[in-house]
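Okay, structure first, notes after.
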Amino acid sequence: LMHLTRKLIEIRSMLLSIDQSDALKLPSIVVVGSQSSGKSSVLEAIVGHEFLPKGNNMVTRRPIELTLIHTPAKPGETAVEYGEFPALGLGKMTDFSDIQKTLTDLNLAVPASECVSNDPIDLRIYSPNVPDLTLIDLPGYVQISSLDQPETLKEKISSLCDRYIREPNIILAVCAADVDLANSPALRASRKVDPLGLRTIGVITKMDLVPPDQGASILAGNRYPLHLGYVGVVAKSHGKKVKRDNTAVVAQRGENDYFGAHKEIFNAGSLMVGTDTLRRRLMDVLESSMASSLHGITNAVQLELEEATYQFKVQYNDRRVTAESYVAETMDALKLRFKESMTQFRRPAIRAKLKAMLDDKVMDVLEQLYWLDKRSPELGTLAQDARISPEDVEPYWRHKLDAASSLLTKSGVGRDSTLLVADGLRSLIDSMAAGEPFNFHPRAAERLVQFSHMILRDRVGVTSDQVENCIKPYKYEVEVDDREWENGRQASIDLFQREVVMCETKLKDIRKKVGGSRRLGNLVSYVQSLEEKEKAKKAKRLSAPDVEAEAEPEEQTPESYRYPPAQILDARHAMLYTDRLSILRLRLAALKSKRCKAGPENDVLCPEAFLNVVADKLAYTSAMFINIELLDQFFYQFPREIDSRLLYDLDRSEIVEFARENPAVRRHLDLQERKDKLEEVMKQLNSLSTLRTDAQPAPRRH
Ligand code: GDP
């Protein structure tokens, strides 16, 4: 039957790890008593070692879940006694003063402002001298609030004790013999939850401090009867210290001496005295309490297991996950997603992106060199004039074209195109890091972003140099064949037509905004007149700077306030768009002229077509080298970095932590774990009942 308690103690701690609800609790012995009642001394006497925190100010601030495991010495070996804090992973502690120190530290770690904490400390003690028992040591009741103990401490401790003395636990109420039982807070609390005293054992300490017959009458329990009775002890543990490990032995000898000396009194009433008696009493009580809980707990576990199994089926279709499999799947999905996204970085796509960027550059160059040039309309006329051969065109326009081409090729194409692609990669990675499931894993997301940016940083310099190198020839000469010319011309026409539409839309918007074309017309002529005046003023100022001061007040006519500044700005924009439209239309006509159609020998007259071809060649070359130097490298390195940096040196607990960051996975893991544990507990409970029926065969019926 020893075996049963032992097994049930194991089952009890498994159940505790499943959930904290009362439904799934096997009984434990809860030790309550007021401060200085001798609670620690009793526990230490049971264990046979001094291991609890001591000191006047040292109140136990956290419950200690003390599990005693009887471990007989193997034949031919000396028994080892040791303690373990499973939650701390400190390993076996054979020196009980280390256990005492650890408990002290754990207690002191509770901030003084909180006084006590509900979070129990799990301590296991293995020894041949202990019975299989679970005991919960609670902070002692405070009798008198003192100055250095806050008012709330008293209530906090009471409510903590109240939580633990509920069913099905057994209450070990520690009272000192020299204090009236009527004043024992432990007995008072126990009577509230267990009025008949069915699950309360009284322990009367300090029996040596009262006359033996008075002690005996307390143990007889006539005043406050308890079904499980009272046990008297003498458990003074800090007597003369011979050696630390001998203190318990010394204490027990003192106890034996005391009860031996008063044998006639205590034996007469067959009273329970001594630590050995207490130990045996506790074992018996715990065992029978556990045994009677067995049926109920088996049913409760069965119900919980059915529910968990059902939920697991319904919610997850019995699909199991592990933290490891989640991590592996997440990384595979990331790599796959990356691979799929890389299709947008195929060469034609990149080339088109770069071309669009270069088209913008071409527009800027055109604007700067041609559209702002007052002579540019001449170029349009020349293009339409069939009599003029290319050689007749003024060298002015040849220089213009050379300047435009070199402005374009020397505009930092290597750097700009590389950065364009690198930015695309960067925002791809950033969006993967921000999306599911990495939104649940902020630290992994940060690492992901970090190492991708690092790869990019490493490659960008090399790539942009390489691209710049490879487009170098175009800085000096660009050969254009007929087909390229025609493509360039068409592309320019498309581009210009789009630009025309854009300008028209903008103009339309402005017209709508200011209230019709009439009003816009008025606005524009007003702004033009303002500009005229401004010009005249400037001219005057230049010719006669001294007059300026006098001229100033004259300007303040109400006229300048006729339109709000926002509308004046609109008018200026409208003028810009109108100017641009007229240039675009002129140039479109030129591009569509016979001259331009004829071929690349007319490049001087159709700079747009020529520059477009140059832009196309630049885009082609850039795309090729960006592909080799940046994209291929990135594509190669990224998945490897995922393996080495995202998963690198994650140990088991970090993998679990990572997986549990995802709420869906956490719920899945929790339910699965709960189900597994319940299954295990159920198995153990079932094996117990066969064990019990084996041990006690049912009476045969005739
Ligand atoms: P706790 O605060 O309830 O844990 O009480 P302790 O176990 O620390 O004991 C309080 C004081 O009572 C200590 O000084 C102990 O030495 C003393 N004490 C405990 N048990 C006995 C006992 O059986 N006899 C005597 N004379 N003193 C005891």
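Counting convention: from 1, in listed order, for ligands and their atoms alike. No experiment lies behind these values; they were computed from the predicted model shown.
Under 4.0 angstrom from ligand 1, there are no non-hydrogen atoms of L52. Of the heavy atoms in D208, only side-chain atoms (C-beta onward) come closer than 4.0 Å to ligand 1.
In summary, K101 and D105 engage in a salt bridge, as defined by a charged side-chain N under 4.0 Å from a carboxylate O. Taking a cutoff of 4.0 Å between a charged side-chain nitrogen and a carboxylate oxygen, D284 and R281 do not qualify as a salt bridge. Salt bridge absent: R443 and E446 never bring a charged side-chain N and a carboxylate O closer than 4.0 Å.
Here is the list of ligand 1 atoms found below 4.0 Å of a heavy atom in S41: 6 (P), 7 (O), 9 (O), 19 (C), 20 (N). Counting atoms of ligand 1 from 1 in the listed order, those under 4.0 Å from a heavy atom of V234 are 23 (O). Taking a cut-off of under 4.0 Å to the non-hydrogen atoms of L209, the atoms of ligand 1 that pass are 26 (N).
For the residues G33, G232, S36, S34, the heavy atom positioned nearest atom 1 (P) of ligand 1 is part of S36.
With R124 contributing its side chain and T67 its backbone, the two residues share no donor-acceptor pair below 3.5 Å.
Across A173 and T200, no two heavy atoms sit closer than the pair CB-CG2, 4.2 Å.
Aromatic ring orientation, F259 versus F266: perpendicular (interplanar angle above 60°, classes split at 30° and 60°).
Checked against a 3.5 angstrom limit, the closest N/O atoms of T205 and ligand 1 fall outside it. Residue contacts with ligand 1: G38 is placed with a nitrogen or oxygen under 3.5 Å of a nitrogen or oxygen of the ligand (distance criterion only). By the 3.5 Å distance cut-off applied to N or O atoms, Q35 is not counted among the residues near ligand 1.
Side-chain contact between L15 and I297 is present, with at least one heavy-atom pair separated by less than 4.5 Å.
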